[in-house]
Amino acid sequence: MSDSIAIELRDVVKRFGDVVAVDHVNLQIRDGEFFSMLGPSGCGKTSTLRMIAGFELPTAGSILIHGREMGLTPPHLRPVNTVFQSYALFPHMTVAQNVAFGLEMRKVPKAEIARQVKEALELVRLSGLEERRPRQLSGGQQQRVALARALVNHPEVLLLDEPLGALDQKLRKEMQLELKSLQARVGITFVFVTHDQEEALTMSDRIAVMNKGKLLQVGTPTEIYERPNCRFVADFIGETNFIDGVVIGRDGNYTVLETPEGLRFRGLATRPLSDGTQVTYSIRPEKVRLLAPNGELPPNGLAGTVMTVNYIGSDTRITVRINDRRTIDIWEQNTRSTLDRDEYWQPGEAAVIVCPPDNALVLSE
Amino acid sequence: MATIQQQQQRRDRIRLALLLTPGLLWLLLFFALPLVIIFVYSFMTNDALGRVVYEPTLNNYITIFTQSLYVNAYWRSIWTSVLTTVICLLIGYPLAVFIARSPQQWRMPLLMLILIPFWTNFLVRIYAWQIILANNGIINGFLEMIGVGRLTLLNTEGATLVGLIYGELPFMVLPLYAAIDRFDFTLMEAAADLGANKVQAFLRIMLPMTMPGIVAGSVLVFIPTLGQFVVSELLGGAKVDYLGNLIQRLFLRANPINWPLGSAMAVLMMLVLLVLIMMYFRVTSEEER
Amino acid sequence: MIKTAPATTASARIRGAFSEGRLTWSGLALTGFSILVYLFLYAPIVILVLFSFTRDEFGVRWTGFTFDWYIRLFNNPRMMGAAWNTLVVATVSTIVSTIIGTLLAMAMERYRFRGRNAMEGLIYLPIVVPEIVMAVALLAFSAIVFDVIKMVTGETLRRNLTTVTIGHIAFSISFVVVVVRTSLKNFDRRLEEAAADLGADSWQTFWRITFPLILPGIIGGALLAFTLSLDDFIISLFLSGPGTSLLPVEVYNRVRRAVTPEINAISTLMLILSMALVALSQLLQRRR
Ligand SMILES: Nc1ncnc2c1ncn2[C@@H]1O[C@H](COP(=O)(O)OP(=O)(O)OP(=O)(O)O)[C@@H](O)[C@H]1O
Ligand SMILES: [Mg+2]
């Protein structure tokens with residue numbers, strides 16, 4: 001993967017009347033990467049994508065594609081193509097005509113168009129359906145036509161706005177893999193919008209998390225999951241235990257915080273925090289360990305009582321109460337195959353939880 | 001960044017102007033301006049040769065309000081239009097229900113059958129009734145055959161009414177069908193389930209919910225009927241004067257022609273229409289609530 | 001139409017006049033009534049056509065078959081001239097009002113601008129203003145324009161086919177706008193974005209994507225404008241001049257004097273033309 005920048009957003013703002021859809025976003029997308037934009041509904045993902053494509057102009061800020069300032073450049077002159085959420089296939093044209101459209105606009109010779117259309121349809125495994133109309137295709141096939149129609153133009157960047165949103169679960173999983181391998185083969189930069197975190201984690205080289213128009217964090221799936229930089233990201237990606245407290249000091253690499261009721265937790269802070277800062281402690285349920293009490297509390301250990309035990313196949317989800325106000329969720333992998341649940345934790349049982357500080361984060365704000 | 005917005009706005013404004021100007025000009029010049037002219041004319045005077053004299057006066061309106069010829073014409077036209085609208089509604093509603101309750105594949109053909117007569121020239125449709133109602137026409141032929149003897153059917157006010165209903169019925173059925181087709185008939189079953197009899201269910205559920213169709217149909221029938229003059233001339237024998245007959249005569253055939261008076265009649269007709277339609281909307285929207 | 005299934009068996013049992021099955025008394029009454037209404041609608045037309053072939057010189061009774069009335073009709077220069085005028089006026093008014101109406105529909109559907117509501121009113125007013133009012137207004141207007149022209153150039157103009165055509169366009173525009181707007185409303189604007197995304201400029205996008213997809217609406221509007229013009233009588237009466245009368249006006253003038261089967265014949269031909277137009281529009285819609 002080269003390090004040159006395919007798309008750069010500089011301080012981009014988009015307002016619709018009073019609504020700030022995109023709020024001072026700075027972003028660099030590298031050449032050839034599979035880049036996802038993730039966030040809840042209405043956070044400004046589509047608006048960002050539409051500004052890159054040229055359907056909307058930024059209220060302020062600038063957008064560069066391969067270093068070229070886009071400014072007023074209308075969509076048809078931008079070196080990007082879009083796969084629309086509902087595909088936007090031209091209903092009055094056949095599959096082949098749809099795919100050929102972009103090439104015709106660029107005045108590519110007829111014979112060349114025919115060759116490239118054939119190639120593109122082979123790429124998305126739709127050979128033989130050239131003469132069909134969009135409405136005679138299944139959802140997955142329409143999706144592939146939309147892909148072929150965009151890819152055939154060899155865009156510098158391919159923009160995809162929730163392209164799998166309309167597909168059923170099974171097809172969606174299939175298309176995820178297919179998209180990913182397709183991207184690897186053609187080597188085009190993909191900017192992929194989704195609000196499905198699992199989809200983003202499995203497919204992307206890097207992910208940008210957005211909320212309320214603001215870009216919160218950009219990073220690899222591992223970085224986003226393991227080192228979220230704020231409470232929202234930690235909450236939005238995966239599940240986590242949150243505990244609010246105040247910083248009371250440092251202990252080597254770790255930051256120490258104390259809850260109002262006097263419990264102390266240790267974790268990694270993404271930046272230096274002075275004493276007295278209001279923070280949130282976050283630890284993922286699968287990172288917490290659960291032990292049988294043996295008289296003495298281990299380091300980073302807390303005594304508690306098992307409240308609920310839910311077996312869900314791959315793991316067991318346990319809730320432990322550590323005091324009147326607090327519970328901690330713990331997921332234990334079911335590494336042993338046994339039907340004898342009596343051997344396992346029972347509600348009401350006393351237990352000790354251990355929160356390894358290397359796996360816990362102290363988040364400010 | 002303001003320049004981005006400005007440039008785009010300028011481009012949009014030019015396009016909009018290109019799209020809007022021909023239609024705007026045409027409608028202003030050949031629709032709005034002429035209406036203004038007859039409004040102005042309605043306050044002018046006429047000379048013995050039928051020319052408009054530009055002397056402001058209220059005489060035209062006074063004439064209309066004081067001479068029974070004109071007052072009667074207004075009442076007759078309003079009454080006939082109301083009657084036509086009500087009868088069209090009474091015929092059209094069951095018919096629309098019938099179409100809407102037919103099996104899916106029959107609905108469009110049945111609706112098309114209503115539309116086809118409407119695609120033929122109005123005058124031709126009215127003329128057809130002359131043949132039927134004529135003294136030596138089909139109906140009288142039949143009546144003679146069964147020994148009843150001939151009746152005067154043509155050149156009566158009844159004939160006028162039949163012609164009007166015949167001519168306007170499709171305009172009533174179409175909006176009614178659109179409203180009734182949207183109506184969910186299981187609501188009638190729900191009402192029955194809750195103890196309403198059929199009449200109650202109709203009045204309380206179906207009628208209010210199909211009111212938009214009734215309103216649209218009524219307005220569509222009422223407006224052309226108020227200004228008609230062909231039907232009363234061809235089928236009514238021009239024995240009594242309706243609004244349209246008077247206006248037409250004042251503009252084209254009177255001796256001398258009197259455009260200012262005709263304009264005043266037309267202006268008042270629009271006013272009557274406006275008031276009646278507004279009253280109707282008030283009443284029906286209360287019904288809807 | 002999507003119907004929710006009856007929720008309870010109780011309500012399923014209560015099936016009255018409003019059930020789909022029509023084997024109830026009220027259902028039968030409704031069907032019978034409707035058949036009568038259809039007869040009412042069609043009887044006059046059938047009789048009209050039939051009596052265009054009768055030998056009876058008043059055209060109101062059946063006294064034997066003949067083609068004479070059609071032959072006479074075709075040899076009647078006045079009638080043929082009027083028919084030709086009608087077609088010319090309808091064609092010109094259809095073309096102009098379809099173009100103007102389509103542009104207006106685009107403006108109203110695609111842009112927000114000051115005075116848009118007033119424009120909306122101006123567009124829909126011709127539909128609700130009684131035709132006779134529009135007719136006398138245009139008559140008064142044309143008289144003033146002719147007076148002015150006479151003062152300026154000394155030329156005396158009279159009402160002619162142009163004045164009628166202008167009037168027909170003025171009321172047809174509104175109907176075209178209504179029809180075309182519907183198809184613009186149903187048009188998915190993302191298709192235009194997709195085209196722009198694939199490199200089409202706004203001109204190419206319009207002709208390759210928007211136009212073909214709203215074409216059925218435009219054709220619908222044009223057919224409506226054509227029929228409105230053919231069907232129009234009132235404006236034609238007021239705005240056509242001596243020697244340039246249109247078919248409905250000619251029929252009216254004849255009918256006021258006497259009923260003759262020649263009128264039946266011309267009516268039948270007009271009927272056939274209308275039917276052909278309906279069939280054509282249906283055909284065009286089905287091909288899509
Ligand atoms: N054309 C518009 N006019 C007005 N407001 C808009 C427009 N487009 C978007 N918005 C607003 O901007 C905000 C961001 O919208 P956007 O479509 O970018 O969200 P999104 O992240 O794509 O959401 P989703 O996941 O639901 O598609 C929303 O509050 C939306 O209501
Ligand atoms: Mg979106």
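Protein chains get the first letters and strands the later ones, always in sequence-line order, with residue 1 at the start of each.
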> Do C:Lys185 and C:Phe187 meet the cation-pi criteria used here (NZ or CZ under 6.0 Å from the six-membered ring centre, within 45° of the axis)?
Replying inline: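 Negative - C:Lys185 is either too far from the ring of C:Phe187 or too far off its axis.
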> Are A:Leu179 and A:Gln176 side-chain neighbours, meaning at least one heavy-atom pair lies under 4.5 Å?
Replying inline: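 Not in contact.
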>> Looking only at side-chain N and O atoms, does C:Ser236 offer a donor or acceptor that is under 3.5 Å from a partner on C:Asp232?
In response: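 A pair is found: one side chain offers a donor N or O, the other an acceptor, under 3.5 Å apart.
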Residue [X] versus chain C: region with a heavy atom under 4.5 Å:
{"X": "A:Leu89", "answer": "backbone"}
{"X": "A:Asn153", "answer": "side chain"}
{"X": "A:Phe84", "answer": "side chain"}
{"X": "A:Glu104", "answer": "side chain"}
{"X": "A:Arg149", "answer": "both"}

>> Tell me which of these, C:Ala195, C:Ser202, C:Ala200, has more heavy-atom pairs under 4.5 Å with chain A than the rest.
In response: C:Ala200
> With a 4.5 angstrom heavy-atom cut-off, which part of C:Gln204 approaches chain A: side chain, backbone, both or neither?
Replying inline: side chain
> Between A:Gly54, A:Ala53, A:Ser86, which residue shows the highest count of heavy-atom pairs closer than 4.5 Å to chain C?
Replying inline: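 The residue among A:Gly54, A:Ala53, A:Ser86 with the greatest pair count is A:Ser86.
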> Is the C:Trp207 ring parallel, tilted or perpendicular to the C:Trp203 ring (thresholds 30°, 60°)?
Replying inline: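 C:Trp207 vs C:Trp203 ring planes: perpendicular.
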>> side chain to side chain contact (heavy atoms under 4.5 Å, CB included), that's the test. Do C:Met270 and C:Leu230 meet it? Break it down for me.
In response: CA-CA 9 Å; C:Met270 285 163 80; C:Leu230 286 187; over 6 Å; no
> Does a salt bridge link A:Arg68 with A:Glu8, judged by any charged N lying under 4.0 Å from a carboxylate O?
Replying inline: no
